[in-house]
Protein chains: 2
Amino acid sequence: MTPPRTLPPVPSPRSIPVTIGAMDSSSTRSGGRTRREATRQKLYEAAVTLIAEQGFSATTVDEIAERAGVAKGTVYYNFASKSVLFEELLRHGVGLLTASLREAAEQTARDGGSKVDALDAMIRAGLGFIARYPAFTQLYVAELWRTNRAWQSTLMVVRREVVAAIEDVLRDGVASGEFSDEIDVQLTAAALVGMVLVAALDWQSFQPERSLDDVHAALSRLLQGRVSGRG
Amino acid sequence: MTPPRTLPPVPSPRSIPVTIGAMDSSSTRSGGRTRREATRQKLYEAAVTLIAEQGFSATTVDEIAERAGVAKGTVYYNFASKSVLFEELLRHGVGLLTASLREAAEQTARDGGSKVDALDAMIRAGLGFIARYPAFTQLYVAELWRTNRAWQSTLMVVRREVVAAIEDVLRDGVASGEFSDEIDVQLTAAALVGMVLVAALDWQSFQPERSLDDVHAALSRLLQGRVSGRG
DNA sequence: GTTTTTGAACTGACTGGTCAGTGCAAAAAC
DNA sequence: GTTTTTGCACTGACCAGTCAGTTCAAAAAC
């Protein structure tokens with residue numbers, strides 16, 4: 001098991017602003033980042049690994065504060081509640097993932113690659129993301145199909161973002177005739193997500209010594225139907 | 001969302017016996033099933049849906065008892081603890097899944113089908129299982145990659161059972177020359193599990209009106225690389 | 001340039017509530 | 001008459017969220 005890396009700070013705070021205490025506190029800054037931002041970052045880092053390991057309910061706010069090296073009160077000074085901390089963490093992480101996927105697809109398009117190439121590039125980007133932030137990925141998978149939870153709507157939004165990035169490429173491919181028009185875009189996109197997700201988590205958990213290239217090659221082969229047939 | 005169906009009783013209690021109060025209570029039976037077994041069954045059914053919805057920690061023993069229509073004391077008369085109830089539930093469910101997968105593979109072999117046919121049959125069996133027991137599947141996915149939990153070892157055992165069933169078919173296929181000997185058996189098996197898992201959960205959650213055949217066809221197409229190319 | 005004030009950020013003890021697990025006598029089931 | 005279930009009161013640990021008070025760097029006052 002690799003030491004779980006955590007999510008990096010984000011340049012522009014967050015896409016969907018959430019009112020927490022004073023907005024736009026461009027107050028005390030040093031080195032371009034406010035003290036608050038640094039603290040929130042530490043809390044994200046602590047929370048993501050703890051929740052990935054134990055789940056949301058089993059993780060206490062005291063634990064998060066302790067791992068972040070901060071007093072409990074600070075958690076509540078920075079986030080309205082435990083759930084809000086978690087929701088912002090989700091948005092933060094998924095934002096990074098979708099950006100990475102779309103960037104991969106666009107780069108391929110710029111290079112004049114086919115849609116299969118784009119899909120392949122997105123698989124690689126997905127694997128890269130999971131390798132960098134395994135804890136976040138774990139947490140995301142674990143919460144994705146839960147129902148009756150406070151952050152249900154956040155999850156839906158965030159899920160659509162990821163799946164839509166893949167669906168767009170599939171649809172373009174069908175439109176251009178590169179893909180069969182008999183494929184089921186939504187279901188295929190979900191299946192691809194699952195393929196990468198589970199393979200990557202298996203990789204990280206059980207054979208972390210293998211290289212990204214290696215794992216990517218195995219999935220490419222599966223995607224392109226080069227499984228049957230002579231070696 | 002379909003009303004979540006629950007796991008059926010199992011003929012032979014459990015593969016790995018766990019000491020809970022009196023062992024081997026073949027005592028009072030009627031119609032081949034003891035009263036205790038019926039109660040345990042009700043508790044499994046209540047627990048599986050609640051834990052799938054809310055997670056293990058967020059689900060209280062009082063809730064489980066209430067939904068099962070049973071007194072709290074009865075839970076502890078039948079299971080040593082909340083975790084033990086959960087672990088037995090896991091073993092119970094995964095036992096059914098692996099049996100179903102292996103049965104599908106064997107049936108194909110008996111009919112003289114190829115290894116691709118066997119894989120295809122297993123995908124169908126997997127989809128069928130998930131459609132029947134969506135709550136169990138949710139719960140399984142949510143817990144599978146967690147670390148530092150009491151039932152960690154149970155999960156590992158149970159994971160291997162499922163993946164091994166698929167790996168066996170892949171290995172046989174490579175040995176007989178039907179599959180390329182360049183495929184990565186372990187990683188491909190994980191990817192297949194992920195493909196079916198995520199596609200099926202997407203199906204159940206967002207387009208439950210579709211038929212199993214329909215979903216199966218979409219995944220078959222993906223598996224056999226019939227995605228690119230003309231319709 | 002020294003003193004005073006301000007306020008954002010942080011602290012940690014405390015509170016009110018929740019929940020796993022216990023104990024047990026009486027009832028029901030078999 | 002033995003096994004299983006019930007109902008319910010109880011305990012002790014744990015935990016989300018609160019709040020009165022502290023810190024300190026920068027701004028204001030002089």
Side-chain angles (χ1 to χ4, degrees), chain A residues 13 19-44 46-47 50-51 54-89 149-151, chain B residues 13 20-47 50-51 54-89 149-151:
Chain A
T19 324
I20 292 176
M23 272 325 300
D24 187 29
S25 62
S26 52
S27 56
T28 325
R29 45 180 64 240
S30 74
R33 177 168 293 109
T34 63
R35 189 143 79 100
R36 236 185 138 167
E37 265 178 282
T39 305
R40 292 171 67 102
Q41 183 59 32
K42 278 196 293 182
L43 285 170
Y44 280 154
L50 284 167
I51 297 180
Q54 305 176 322
F56 176 81
S57 306
T59 300
T60 68
V61 175
D62 285 294
E63 280 177 306
I64 296 173
E66 191 191 344
R67 183 167 304 190
V70 137
K72 189 179 190 176
T74 306
V75 176
Y76 286 94
Y77 182 77
N78 283 281
F79 298 95
S81 68
K82 188 185 169 189
S83 317
V84 168
L85 163 55
F86 181 62
E87 282 187 62
E88 299 204 15
L89 178 56
R149 308 230 72 175
W151 51 83
Chain B
I20 292 175
M23 270 326 297
D24 187 28
S25 63
S26 53
S27 54
T28 326
R29 46 179 62 238
S30 77
R33 177 167 294 111
T34 64
R35 192 147 74 97
R36 254 191 119 162
E37 267 177 282
T39 304
R40 293 170 67 102
Q41 183 60 31
K42 279 196 292 183
L43 286 169
Y44 281 155
E45 290 175 12
L50 285 167
I51 297 179
Q54 307 176 322
F56 176 81
S57 307
T59 301
T60 69
V61 174
D62 286 295
E63 279 178 306
I64 296 173
E66 192 192 343
R67 182 166 306 189
V70 137
K72 189 181 184 177
T74 306
V75 176
Y76 285 94
Y77 184 76
N78 284 281
F79 297 95
S81 69
K82 188 186 170 189
S83 317
V84 168
L85 163 55
F86 181 61
E87 280 187 62
E88 299 204 14
L89 176 57
R149 306 230 73 175
W151 52 82

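Only this structure's heavy atoms are used, side chains among them; waters, hydrogens and symmetry mates stay out.
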Report task. Mind listing the closest non-hydrogen atom pair of A:I64 and A:A46 along with its distance? Result -> O-CB, 3.6 Å
**Report entry** Below 4.0 Å: OP1/OP2 of C:dC10 and any side-chain N or O of A:N78
**Finding:** yes
Report task. Round to a whole Å and report the spacing from CD of B:E37 to C1' of D:dT4. Result -> 14 Å
Query raised in the report: Got A:S57 and B:F56 here, is their nearest side-chain heavy-atom distance under 4.5 Å?
Result: no
Mind listing the N/O atom pairs, protein and nucleotides 18-22 of chain C, below 3.5 Å?
{"residue": "C:dA20", "atom": "OP1", "partner": "B:T59", "partner atom": "O", "Å": "3.4"}
{"residue": "C:dA20", "atom": "OP1", "partner": "B:K82", "partner atom": "NZ", "Å": "3.3"}
{"residue": "C:dA20", "atom": "OP2", "partner": "B:V61", "partner atom": "N", "Å": "3.0"}
{"residue": "C:dA20", "atom": "N7", "partner": "B:K72", "partner atom": "NZ", "Å": "3.4"}
{"residue": "C:dG21", "atom": "OP2", "partner": "B:Y76", "partner atom": "OH", "Å": "2.9"}
{"residue": "C:dG21", "atom": "OP2", "partner": "B:K82", "partner atom": "N", "Å": "3.2"}
{"residue": "C:dG21", "atom": "N7", "partner": "B:K72", "partner atom": "NZ", "Å": "2.8"}
{"residue": "C:dG21", "atom": "O6", "partner": "B:K72", "partner atom": "NZ", "Å": "3.0"}

Requested in this report: Work out which heavy atom in A:N78 is nearest to a heavy atom in A:R40; give both atom names and the distance.
Outcome: O-NH1, 2.9 Å
Report task. Look at the side-chain N and O atoms of B:Y77 and state whether any lies under 4.0 Å from the OP1 or OP2 oxygen of D:dT5. Result -> no
Requested in this report: Let me know the distance between CZ of B:R40 and P of D:dT5, rounded to the nearest Å.
Outcome: 10 Å
Query raised in the report: Taking atom C1' of D:dT18 as reference, at what distance in whole Å does atom CZ of A:F79 sit?
Result: 18 Å
Query raised in the report: In the structure shown, which nucleotide is the Watson-Crick or G-U wobble counterpart of C:dG7, with both distances under 3.5 Å?
Result: D:dC24
Query - Nearest-0.5 Å distance, CG of residue B:L85 to OG1 of residue B:T59 - result: 10.5 Å
Report task. Determine whether the side chains of A:E37 and A:Q41 contain a donor N or O and an acceptor N or O closer than 3.5 Å. Result -> no
Report task. Could you check whether the rings of A:W151 and A:F86 sit parallel, tilted or perpendicular, using 30° and 60° as the cut-offs? Result -> perpendicular
Query raised in the report: For D:dT4, does OP1 or OP2 lie under 4.0 Å from any side-chain N or O of B:T39?
Result: no
Requested in this report: Please determine if a side-chain N or O atom of B:T74 lies less than 4.0 Å away from the OP1 or OP2 oxygen of D:dT6.
Outcome: yes
Requested in this report: Determine the contact category for B:V70: base if any of its heavy atoms lies under 4.0 Å from a base atom, sugar-phosphate if only primed atoms, P, OP1 or OP2 are that close, otherwise nothing.
Outcome: sugar-phosphate
